[in-house]
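Before any comments, here is the structure.
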Amino acid sequence: MAKFSAAEWKKINALLDGDEEKYGLAARRAGSLVLASFNIRKLGKRKNKSDGAWDFLERFCSRCDFIAVQEVLDNLEGLNHLKDRLGYGLVASDITGGVPNGRGMVERLAYLYRWKAIERTEVASDITYDRKVVLDTLFEHRDGFHAAFQAHHKALIRHGKKVRDYIAGGRHGSRPRTPQYVMPQFVTFIRTPLCVSFRILPKRGSKPVDFLAVNAHLLFGNEDKHEQEREMEFRALIAWLVYRSRQASRMYHKNMMLFGDLNLDFKKADARRDAIEAWIKSLNKGQRLSRRGRAEINFPFFQVHDGEDGVYRSTARQKDTYDQIAFFNHDRRLPGPKQNKKAGDSSDGFDYGVFNFSDLFAEALHGKPLRNLSKTQQRGLFKKFEHDLSDHMPIWVRLPKP
């Protein structure tokens, strides 16, 4: 696996030193704190990432007071190494998606947090749907599931033939990918989201902001036919959060913040993003959430930040909008949708952004932004950093200290 050389990392860091703001590296400021979401690809053994990659990860994370991390592997050596370098607190789930005597979608979800700004409180859980609802769904839509199982079985037969042809042909090209199930209805999460309660420590004499952090890595599929299923899982997660928002009097912490790789695909049409955003806005306006005392939903990354030409792309190839941070607020000190247009207006006020390290790498090593490079130059960059660092860029929000 190709990696950046020490000389290349030196060029990258020198360029970043000259203009951190250009690439969206959040500054640490006395009157505010930074919360982030970062899918760090295959974060497992320490040796799987280079020294330059570890230095770069520390550089970003040290600017944040709170980081929700996705794609942590079963081996916690790398995550613990990053925690020790930062001197931060850590909460990690056990593996989600594991199967006894099988592979499954084994992955952990984790939080890193700076002790001086964020305090851990008592709640830790996951998000699941009642077993009866799962069984009812399977029964009520049994014809659709039967058709899906049949289609998957036929796809496996075709896949077996492609693999045999691939081997017989001398293994030229890429190995055919195993087909995935395409479910007609939401059943359960492919990876169980992790919920942990935290407290944002206030300025002297003020009340803290308590919140339940929900860390999610939702379904991914490589083909267009998976898009509908991916959106179903997203809507199921939002429905759960809305359901809990309606029960604020029973909640340990009334405010919720959603972090994660939600695999929301907006690349084909802004209309799809607009449709989801309209649905979110309808929840704010509808009877479920608009009454006094109910939560207000805000997905800032659905909106175009002032000065940008489109919504932030969070994958390192700058094509997709998979990663999101959202607020389900009862505390009006947290940002609502109306504040998104004013994001970044003041130094310590609400803001949001992405650390665009792929443009940083492209400009440091080739003198041009990623999109202006040739396909060959782009592929060369991706090979060097997508596994060593990540294929996702971190996103962040800035909040004023309470």
### Query
Are side-chain heavy atoms of His366 and Leu381 found at a separation under 4.5 Å?
yes

### Query
Taking C-beta and beyond as the side chain, do Asn340 and Phe350 meet within less than 4.5 Å on heavy atoms?
yes

### Task
Would you indicate whether the side-chain heavy atoms of Thr121 and Tyr252 approach each other to under 4.5 Å?
yes

### Query
Which distance, rounded to the nearest 0.5 Å, do you find between the OG of Ser358 and the CG of Asp391?
11.0 Å

### Query
Please walk me through it: do Arg371 and Asp359 pass salt bridge (charged side-chain N to carboxylate O under 4.0 Å, His left out)?
CA-CA 8 Å; Arg371 294 181 182 181; Asp359 268 354; over 6 Å; no

### Task
List the steps, then state whether side chain to side chain contact (heavy atoms under 4.5 Å, CB included) holds for Gln377 with Leu365.
CA-CA 10 Å; Gln377 289 173 321; Leu365 303 180; over 6 Å; no

Which pairs would a plain distance check flag for residues 129-138, meaning a side-chain donor or acceptor within less than 3.5 Å of a matching protein atom at least two apart in sequence or in another chain?
residue : atom : partner : partner atom : Å
Tyr129  : OH   : Ala236  : O            : 2.8
Asp130  : OD1  : Lys132  : N            : 2.7
Lys132  : NZ   : Asp136  : OD2          : 2.8
Thr137  : OG1  : Val133  : O            : 2.8

### Query
If you look at every heavy atom in Phe382 and Ala316, which pair is closest and at what distance?
CE2-O, 4.1 Å

#### Entry: Residues Arg29 and Asp348 bridged, charged N to O under 4.0 Å
no

### Task
Find the distance between CG (Leu112) and CG (Leu82) and round it off to the nearest 0.5 Å.
5.5 Å

### Message
Looking at Asp17 and Arg59, is any side-chain nitrogen of the basic one under 4.0 Å from a carboxylate oxygen of the acidic one?
### Response
yes

### Message
Rounded to the nearest 0.5 Å, what separates atom NE2 in His305 from atom OH in Tyr352?
### Response
5.5 Å

### Query
Considering the options Asn215, Asp126, Leu237, which one meets the side chain to side chain contact (heavy atoms under 4.5 Å, CB included) requirement together with Pro193?
Leu237

### Task
State, without any angle test, whether Ser37 and Gln70 hold a side-chain donor-acceptor pair at a distance under 3.5 Å.
yes

#### Entry: Derivation of the side chain to side chain contact (heavy atoms under 4.5 Å, CB included) call for Tyr322 and Thr315
CA-CA 7 Å; Tyr322 293 161; Thr315 53; 3.6 Å; yes

### Query
If every non-hydrogen atom of Pro402 is compared with every non-hydrogen atom of Val209, which pair is closest and at what distance?
CG-CG2, 3.6 Å

### Query
Around atom CZ of Arg46, are there more than 12 heavy atoms of other residues, nucleotides or ligands at under 6.0 Å?
no

### Query
Would you say the side chain of Asp55 lies within less than 4.5 Å of the side chain of Trp9, judging by non-hydrogen atoms?
no

### Summary
All heavy atoms of Leu212 vs all of Met251, minimum pair found to be CD2-CE, 4.4 Å

### Message
Is it true that His387 and Asn48 share a donor-acceptor pair across their side chains at a distance under 3.5 Å?
### Response
no

### Message
What verdict does the salt bridge (charged side-chain N to carboxylate O under 4.0 Å, His left out) test give for Arg108 and Asp74, after you've listed the backbone C-alpha separation in whole Å, the side-chain angles of each residue and the deciding distance to 0.1 Å?
### Response
CA-CA 7 Å; Arg108 297 176 186 264; Asp74 198 5; 2.9 Å; yes

### Query
Which pairs with one or both residues in residues 70-100 pass ring-ring contact (aromatic ring centres under 6.0 Å, His included), sequence neighbours excluded?
Trp54-His81

### Task
Apply the ring pair (Phe, Tyr, Trp, His ring centres under 6.0 Å) test between Tyr113 and each candidate in Phe66, Phe198, Phe211; give the one that qualifies.
Phe198

### Query
When you look at NZ of Lys3, are more than 12 heavy atoms from neighbouring residues, nucleotides or ligands closer to it than 6.0 Å?
yes

### Query
Got Val163 and Arg175 here, is their nearest side-chain heavy-atom distance under 4.5 Å?
yes

### Message
Does either side chain, that of Ser314 or that of Asp323, offer a donor lying less than 3.5 Å from an acceptor on the other one?
### Response
yes

### Message
Using every non-hydrogen atom in the two residues, find where Val354 and Arg313 come nearest and quote the distance to one decimal.
### Response
CG2-O, 4.0 Å

### Message
In this structure, is the centre-to-centre distance between the rings of Phe361 and Phe56 below 6.0 Å?
### Response
yes

### Query
Would Val397 and Asp351 satisfy side chain to side chain contact (heavy atoms under 4.5 Å, CB included), going step by step from the backbone distance to the final call?
CA-CA 6 Å; Val397 296; Asp351 199 5; over 6 Å; no

### Query
With a cut-off of 6.0 Å (strictly less than), are more than 12 heavy atoms of other residues, nucleotides or ligands near NE2 of His146?
no

### Side chain to side chain, His217 and Asn263, heavy atoms closer than 4.5 Å
yes

### Query
Do the ring centers of Trp396 and Phe355 come within less than 6.0 Å of each other?
no

### Task
Establish, yes or no, whether a centroid distance under 6.0 Å links the rings of Phe60 and Phe357.
no

### Message
Do Asp261 and Phe220 make a side-chain contact, defined as non-hydrogen atoms from C-beta onward lying under 4.5 Å apart?
### Response
no

## Note on the structure
Of all heavy-atom pairs linking Ile200 and Leu33, the shortest is CG2-CD1, 3.7 Å

#### Entry: Heavy atoms from other residues, nucleotides or ligands near CG of Asp51 exceed 12 (cutoff 6.0 Å)
no

### Query
If every non-hydrogen atom of Leu86 is compared with every non-hydrogen atom of Cys61, which pair is closest and at what distance?
CD1-CB, 3.7 Å

### Task
Check each of Lys11, Lys368, Lys22 against Glu363 using the side chain to side chain donor-acceptor pair (under 3.5 Å) test, and report the only one that passes.
Lys22

### Query
Quick one: do Glu77 and Lys47 make a salt bridge, cutoff under 4.0 Å?
no

### Query
Distance from Leu219 atom CG to Ile190 atom CD1, nearest 0.5 Å?
5.0 Å

### Query
Is there a side-chain contact between Phe301 and Val311, using heavy atoms and a 4.5 Å cut-off?
no

### Query
Would a distance-only check, ignoring hydrogens and angles, find a side-chain to backbone donor-acceptor pair under 3.5 Å from Glu229 to Met183?
yes

### Task
First locate atom CZ of Arg333, then atom OG of Ser206, and finally report the distance between them rounded to the nearest 0.5 Å.
7.0 Å

### Task
Flag the pair Glu296 and Arg332 as a salt bridge only when some basic side-chain nitrogen lies within less than 4.0 angstrom of an acidic carboxylate oxygen.
yes

### Task
Verify the neighbour count for atom CG of Asn80: are there more than 12 heavy atoms of other residues, nucleotides or ligands below 6.0 Å?
yes

### Query
Hey, what do you get for CG (Leu218) to CG (Leu262), rounding to the nearest 0.5 Å?
5.0 Å

### Query
Do Ile325 and Met257 pass the side chain to side chain contact (heavy atoms under 4.5 Å, CB included) test, and can you show the C-alpha distance, the side-chain angles, and the key distance before you say yes or no?
CA-CA 7 Å; Ile325 298 175; Met257 298 185 197; 5.7 Å; no

### Query
By salt bridge (Lys or Arg N to Asp or Glu O under 4.0 Å), which residues pair with Lys162, not counting sequence neighbours?
none

### Asp65/Lys116 salt bridge by N-O under 4.0 Å criterion
no

### Task
Report yes or no: do Asn298 and Asn329 form a side-chain donor-acceptor pair below 3.5 Å?
no

### Thr96/Asp94 under side chain to side chain donor-acceptor pair (under 3.5 Å): CA gap, chis, key distance, verdict
CA-CA 6 Å; Thr96 178; Asp94 199 0; over 6 Å; no

